[in-house]
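Just so we're clear, the structure is a prediction, and the values are computed from it rather than from any experiment. In this chain, residues are counted from 1 in sequence order.
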Amino acid sequence: HHRLLPGGALTVRLERAHLAKGSIQRGRYGMGVLAQGELPPGVITVGGILRSPADVMINGFLCPPVSLQLYSEYRELNYRAARDTTWFAYCVERAALQDAAIRLCGQALRLPEAGARNLRLAPAVGRRLAACIQSVFTAMARPEAGEARGEVETALPLDISSALAGDVTK
């Protein structure tokens, strides 16, 4: 369910890519919005605010730009954002994300068993993650670039694992 809030232009941009392991979406609302719904069942959702003129409220967390939210399986979503907010959501099985973390860092991530966590990223980590997400959508838009698609599909869980493994501000 979406409700429009005052201000901004009535525009929505939503992109989705289905990956070998999971899926990723990103979107931008030209207007302020209040959204309620459920996250996909059976997967961890790593969400992020890439750009926003103001902090965003998600499930009671105040989420500044360049932040990540981790949602356990079967979570409800309550989202309030200002106009011109850009976000992403990466949905993946818990085991696949943990496998990437173990390969990269040698240990499993601290993922919530229930509920959610909010993390503020260091600016350089946020830029690297935003560039990786952009590369996924660039590769997906060019189906002839099969090898590049495989590379970005491999890089995405590794970059997200890197961000979650401790490249965050305190």
Side-chain angles (χ1 to χ4, degrees), residues 1-19 21-40 43-72 75-92 97 100 111-112 116-143 145 148-149 151-165 167-169:
H1 304 291
H2 286 75
R3 283 188 254 169
L4 302 181
L5 301 175
L10 185 59
T11 58
V12 176
R13 179 180 181 171
L14 178 62
E15 297 174 278
R16 177 177 293 161
H18 295 279
L19 310 170
K21 292 185 179 182
S23 65
I24 187 165
Q25 305 177 56
R26 71 175 172 181
R28 181 185 166 279
Y29 295 109
M31 65 290 188
V33 66
L34 176 63
Q36 297 174 302
E38 293 181 5
L39 295 166
V43 294
I44 293 286
T45 300
V46 180
I49 304 302
L50 298 172
R51 283 185 297 279
S52 182
D55 289 344
V56 175
M57 288 293 296
I58 304 175
N59 288 10
F61 292 116
L62 188 61
C63 304
V66 193
S67 63
L68 284 181
Q69 297 74 47
L70 296 171
Y71 303 98
S72 62
R75 286 294 301 169
E76 185 176 308
L77 180 69
N78 294 293
Y79 173 91
R80 181 185 179 111
R83 63 181 175 78
D84 297 325
T85 294
T86 303
W87 56 269
F88 81 93
Y90 175 54
C91 302
V92 64
L97 189 56
L111 299 174
R117 288 179 54 209
N118 185 48
L119 304 166
R120 185 172 181 147
L121 299 178
V125 174
R127 286 190 299 273
R128 189 172 68 236
L129 186 55
C132 182
I133 292 165
Q134 176 61 45
S135 69
V136 169
F137 285 99
T138 300
M140 297 300 165
R142 297 185 358 237
R149 181 179 176 149
E151 289 174 12
V152 296
E153 283 194 40
T154 300
L156 182 62
L158 293 173
D159 276 1
I160 287 179
S161 293
S162 175
L164 296 176
D167 287 337
V168 296
T169 59

Distance-only donor-acceptor hits, side chain of residues 77-84, under 3.5 Å, sequence neighbours excluded:
residue: Asn78; atom: OD1; partner: Gln36; partner atom: NE2; Å: 3.2
residue: Asn78; atom: ND2; partner: Glu76; partner atom: OE2; Å: 3.2
residue: Asp84; atom: OD1; partner: Arg28; partner atom: NH2; Å: 2.3

Original post:
Which atom pair, heavy atoms only, marks the closest approach of Val92 to Lys21?
Top reply: CG2-O, 3.8 Å

Original post:
To the nearest 0.5 Å, how far apart are CG in Asn118 and CG in Asn59?
Top reply: 10.0 Å

Original post:
Residues in side chain to side chain donor-acceptor pair (under 3.5 Å) with Asp55, at least two apart?
Top reply: none

Subject >> Atom pair OG/CD1 of Ser72 and Ile44 - distance to nearest 0.5 Å >> reply: 6.5 Å

Subject >> Non-neighbouring partners of Tyr29 that pass side chain to side chain donor-acceptor pair (under 3.5 Å), sequence neighbours left out >> reply: His2

Original post:
Can you name the residues that form a side chain to side chain donor-acceptor pair (under 3.5 Å) with Gln134, not counting sequence neighbours?
Top reply: Arg26, Thr138

Output side-chain donor-acceptor pairs under 3.5 Å for residues 45-54, partner residues at least two apart or in another chain, one line each.
residue: Ser52; atom: OG; partner: Ala54; partner atom: N; Å: 3.3
residue: Ser52; atom: OG; partner: Ala54; partner atom: O; Å: 2.5
residue: Ser52; atom: OG; partner: Thr85; partner atom: OG1; Å: 2.9

Subject >> Under the side chain to side chain donor-acceptor pair (under 3.5 Å) test, residues paired with Arg127 that sit two or more places apart >> reply: none

**OP:** Quick one: pull up CG in Leu97 and OH in Tyr90 and give me the separation to the nearest 0.5 Å.
**Re:** 6.5 Å

Original post:
Does a sphere of radius 6.0 Å around CZ in Arg117 hold more than 12 heavy atoms from other residues, nucleotides or ligands, not counting ones at 6.0 Å or beyond?
Top reply: yes

Original post:
Closest approach of Cys63 and Ser67, non-hydrogen atoms and distance?
Top reply: CB-OG, 3.7 Å

Original post:
Minimum heavy-atom separation for Val136 to Leu19, with atom names?
Top reply: CG1-CD2, 4.2 Å

Original post:
Do Val12 and Met31 touch side chain to side chain, with heavy atoms closer than 4.5 Å?
Top reply: yes

Original post:
Say you draw a straight line from CG of Leu70 to CG of Leu111; how long is it, rounded to the nearest 0.5 Å?
Top reply: 6.0 Å

Original post:
Between atom CG of Leu119 and atom CD of Gln69, what is the distance when rounded to the nearest 0.5 Å?
Top reply: 8.0 Å

Subject >> Heavy-atom pair of closest approach, residues Ala116 and Tyr71 >> reply: CB-CD2, 3.6 Å

Original post:
Given the rule in the side chain to side chain contact (heavy atoms under 4.5 Å, CB included) test, do Leu129 and Phe88 qualify, once you have shown the distances and angles that lead to the verdict?
Top reply: CA-CA 11 Å; Leu129 186 55; Phe88 81 93; 4.1 Å; yes

